[in-house]
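The structure appears right after this line, and notes come after that.
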Amino acid sequence: MTTPAPTAPAFEVAAVREDFPILATRVGAHPLIYLDNAASAQKPRAVIDAISDYYSARHANIHRGVHYLSATATDAYDQARVTVAQFLHAAEPRECIFVRGATEAINLVASAWGRANLRPGDEILLSTLEHHANIVPWQIAAEAAGAKIKIIPINDQGELLLDSLDALLTARTKLLAITHVSNALGTVVSVRELIRRAHAVGAVVLVDGAQSVPHLPIDVQDLDCDFFAFSGHKLFGPTGIGVLYGKAALLEKMPPYQSGGDMIERVTFEKTTFRSIPERFEAGTPHISGVVGLAAAIRYLAKLGHAALAAHEQNLLAHATAAVRAIPGVRIIGEAKDKVGVLSFVMDGIHPHDIATILDSEGIAIRAGHHCAQPLMQRLGLTGTARASFAFYNTLAEADRLAATLLKVKKMFG
Ligand code: PMP
């Protein structure tokens with residue numbers, strides 16, 4: 001007798017949807033079908049309640065107060081850092097800096113690490129897949145330092161051409177800044193291998209995890225990345241909060257990014273000394289309720305269990321890809337072997353914005369355009385794509401509705 005293959009744990013999508021009040025929205029006569037999760041994910045009641053509870057019962061400014069509420073808020077803030085460190089599997093909570101989002105995390109490294117480390121003739125390595133948030137800060141840092149930017153190319157499926165690394169990674173490479181998952185195509189990048197190769201030439205590596213945290217388990221120690229950036233709002237948490245992970249040894253050597261209250265040891269008009277990490281990089285009153293909400297999102301996801309979510313998402317992607325591919329005149333953009341739930345496509349003779357507008361009239365939310373990845377679109381010879389992006393609360397029936405409505409779009413345009 002053969003042993004049956006292990007199956008994913010049962011996942012009750014209908015029950016999970018009940019946790020997200022916004023999913024009951026109606027768009028005119030139609031139930032909302034929310035397929036814009038790569039831009040921002042919706043929030044479970046656990047997150048909404050945690051924020052409401054924080055403001056109802058626990059709010060005061062943190063760190064500077066001796067009174068009851070200040071101590072309560074400080075506890076919540078510090079405990080959230082522990083939760084984030086566990087989520088990323090960081091060696092220590094102080095390696096996790098609270099910032100506004102992935103954009104600010106990358107700007108912090110480009111500005112503070114860049115100022116201290118980049119010199120004329122140095123090279124920064126990026127890839128064709130990058131979001132503008134992982135391009136523009138490096139252009140500014142490179143220009144300030146007289147450094148040069150080089151790009152890892154991709155193939156037509158949207159996968160990095162790793163063969164090019166031998167020529168691109170040299171003793172001049174000071175930093176590799178690489179996305180973990182492409183927001184426009186869904187490609188999962190084998191960052192572990194890239195990190196190993198970059199470290200071999202002495203380069204520091206920043207991983208843009210904005211699109212990987214909602215889909216992949218993260219272990220920054222196993223990856224051995226030097227920096228890892230993500231945003232709370234794509235992880236079913238609040239907007240305006242995100243995390244920069246950095247190895248303590250690197251963060252400790254970096255000059256401040258922003259300055260003011262909370263990040264100082266001692267200030268005189270002659271000289272100021274700065275606190276250690278994480279406070280050195282958290283000037284001013286932080287987004288305390290955002291931090292509390294982010295920790296609630298992480299706890300909520302942990303309760304559902306990664307394996308069950310991932311299995312459902314892969315099922316959704318395979319189902320939607322097959323259904324959309326079957327429509328004549330549709331071309332799927334981004335067919336990497338390893339993908340998360342992002343389905344980018346174009347339709348012959350129909351502008352992506354027209355596709356998105358017609359879908360919206362039937363309650364289906366997708367995104368159309370360059371997805372903040374103009375260099376990638378140029379490489380693909382496109383001005384933009386239509387992009388449906390899935391979360392674990394989406395259903396196979398929603399994927400079918402997407403395909404059926406795309407067929408209508410095709411008929412409308414003859
Ligand atoms: N990197 C990637 C890959 C992204 O998808 C995004 C958001 N679209 C960002 C960075 C920036 O994230 P945020 O706007 O939340 O700062």
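Both ligands and their constituent atoms are indexed starting at 1 by order of listing.
Among the atoms of Thr103, some N or O lies under 3.5 angstrom from an N or O of ligand 1.
Distances shorter than 4.0 angstrom do not occur between any heavy atom of Asn134 and any atom of ligand 1. The closest approach between any non-hydrogen atom of Lys234 and ligand 1 is below 4.0 Å.
Ring orientation note: the planes of His370 and His132 are tilted relative to one another, at an angle of 30° to 60°. Between Tyr34 and Tyr393, the angle of the ring planes lies from 30° to 60°, which puts this pair in the tilted group. Ring geometry for Phe227 versus Trp113: interplanar angle over 60°, hence perpendicular rather than tilted (30 to 60°).
Looking only at protein heavy atoms, the nearest one to atom 5 (O) of ligand 1 is Gln211 NE2, 2.7 Å. Of the protein's non-hydrogen atoms, the one nearest atom 1 (N) of ligand 1 is Asp208 OD2, 2.6 Å. Given atom 4 (C) of ligand 1, the protein heavy atom at minimum distance is His131 CD2, 3.4 Å. Of the protein's non-hydrogen atoms, Ser231 OG, 3.5 Å is the one closest to atom 12 (O) of ligand 1.
Per-residue contacts place Asn183 under 4.0 angstrom from the following atoms of ligand 1 (heavy atoms of the residue considered): 5 (O).
With a 4.0 Å heavy-atom cut-off, ligand 1 is reached by the side chain of His233 but not by its N, CA, C or O. Contact annotation: for Ala210 versus ligand 1, heavy atoms closer than 4.0 Å belong to the side chain alone.
Separation of the Phe281 and Tyr257 ring centroids does not fall under the 6.0 Å cut-off.
Residues meeting the salt bridge (charged side-chain N to carboxylate O under 4.0 Å, His left out) test with Arg115, sequence neighbours left out: none.
Of the charged side-chain nitrogens involved, at least one lies within less than 4.0 Å of a carboxylate oxygen, so that Lys337 and Glu159 count as a salt-bridged pair.
Side-chain atoms of Arg387 never come within 3.5 Å of backbone atoms of Gly384 as a donor-acceptor pair (strictly under, hydrogens ignored).
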